[in-house]
Amino acid sequence: MNHIHLPDGVISPVLWVPSFIAVFVMLGFCVKNLKYGNIAKKVPMIGVISALMLVVMSFPLHANLAVLAGILTGPWVVFTAVFIVNLILAMLGHGGITVVGLNTLIVGSQALIGWFLFIVLKERIKPAASAAAATVTALLISTSLMVGIVGVTNAGWESTLMHNHAPDEHHHSEDQGNNEHHITAGEIHDHGNGHNVSPSETRFLFQSGWMALGFMWGLGIVIETLVTVLIVRYFLKVRPEMLKGHS
């Protein structure tokens with residue numbers, strides 16, 4: 001459910017260049033391990049998982065079912081699919097090309113951590129409970145990773161997380177002097193109507209924004225965990241071999 005929507009030029013090469021190096025190294029491991037086994041079945045599976053994640057990520061809650069995909073297909077298939085999905089999203093304008101590596105690491109870590117925890121926990125507790133614990137833990141870790149990256153970039157959360165972030169539109173909005181809002185140490189000045197917002201109102205606006213963001217994230221975690229558990233329970237009945245783990 002975590003995806004950074006930043007245009008090219010915002011994130012420093014110090015961040016995005018190493019991310020691409022790490023992703024390509026990981027993809028090398030994926031390709032190497034995919035060769036061991038029935039590659040004829042794994043390649044179509046990558047396409048299916050990529051399509052599923054693209055459809056799910058089109059919803060406003062930014063869910064992606066990466067943990068579920070990892071549980072059902074294994075680490076090598078799902079990480080490859082995550083890279084393909086983020087590359088397609090970048091081409092569609094959901095973030096620049098330079099954030100593909102970072103987004104792949106964020107979502108990929110979610111999938112890999114979730115897969116690993118499920119494999120470990122299902123030997124100790126029921127598979128459905130294992131899926132729930134793995135999903136929540138993986139989502140929290142990947143969210144923390146995304147928050148850390150956004151904090152380092154000093155980019156605004158609105159431009160980071162929203163789909164509509166085209167640079168031309170961003171600069172155009174900054175140039176609209178009559179409607180421009182400036183946050184100062186003590187107040188918000190609205191040059192459009194001369195109204196000054198008090199410090200208490202400013203704090204309320206920020207707190208409300210963070211509360212709304214936290215609510216959306218929390219709701220997304222609940223929904224993604226619930227969907228993952230329900231699908232895992234379904235596969236337990238019809239295809240339990242899909243939940244035995246994949247290498």
Please round to the nearest 0.5 Å and tell me the distance separating atom [atom1] of [X] and atom [atom2] of [Y].
X	Y	atom1	atom2	answer
Ile11	Leu6	CD1	CG	5.0 Å
Leu27	Trp76	CG	CH2	11.0 Å
Leu72	Leu243	CG	CG	6.0 Å
Leu145	Leu105	CG	CG	7.5 Å
Met45	Ser50	CE	OG	11.0 Å

Heavy-atom distance under 4.5 Å between the side chains of [X] and [Y], does that happen here?
X	Y	result
Ile223	Leu219	yes
Ile84	Met53	no
Gln110	Ile141	no
Leu140	Ile221	yes
Phe118	Thr135	no
Thr98	Val17	no
Val10	Pro7	yes
Leu230	Tyr234	no

Locate the shortest heavy-atom distance separating [X] from [Y]; write the atom from each residue and the value.
X	Y	value
Val232	Pro127	CG1-O, 4.2 Å
Cys30	Thr80	CB-OG1, 3.5 Å
Pro18	Pro13	CD-O, 3.5 Å
Ala69	Thr73	O-OG1, 2.6 Å
Gly114	Ala138	N-CB, 3.7 Å
Glu224	Leu139	OE1-CD2, 4.0 Å

* Criterion side-chain contact (heavy atoms from CB on, under 4.5 Å) on Thr104 and Phe20, from CA distance to verdict -> CA-CA 9 Å; Thr104 300; Phe20 270 106; over 6 Å; no
* To do: Answer yes or no: does atom CZ of Phe116 have more than 12 heavy-atom neighbours from other residues, nucleotides or ligands under 6.0 Å?
  => no
Do you reckon [X] sits in the same ILVMFWY cluster as [Y], going by side-chain contacts under 4.5 Å, direct or chained?
X	Y	result
Val229	Ile71	no
Val227	Val222	no
Phe79	Val43	yes
Leu54	Ile97	no
Val78	Phe24	yes

* Check: Thr137 side chain, Ala134 main-chain N or O, donor-acceptor pair, under 3.5 Å ->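 Side chain of Thr137 to backbone of Ala134, a donor-acceptor pair under 3.5 Å: no, none is there.
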* To do: Keeping the roles fixed (side chain from Ser130, backbone from Lys122), state whether a donor-acceptor pair exists under 3.5 Å.
  => yes
* Structure fact -> Which of Asn103, Asn64, Leu102, Val23 passes side chain to side chain contact (heavy atoms under 4.5 Å, CB included) with Asn86? It is Asn103
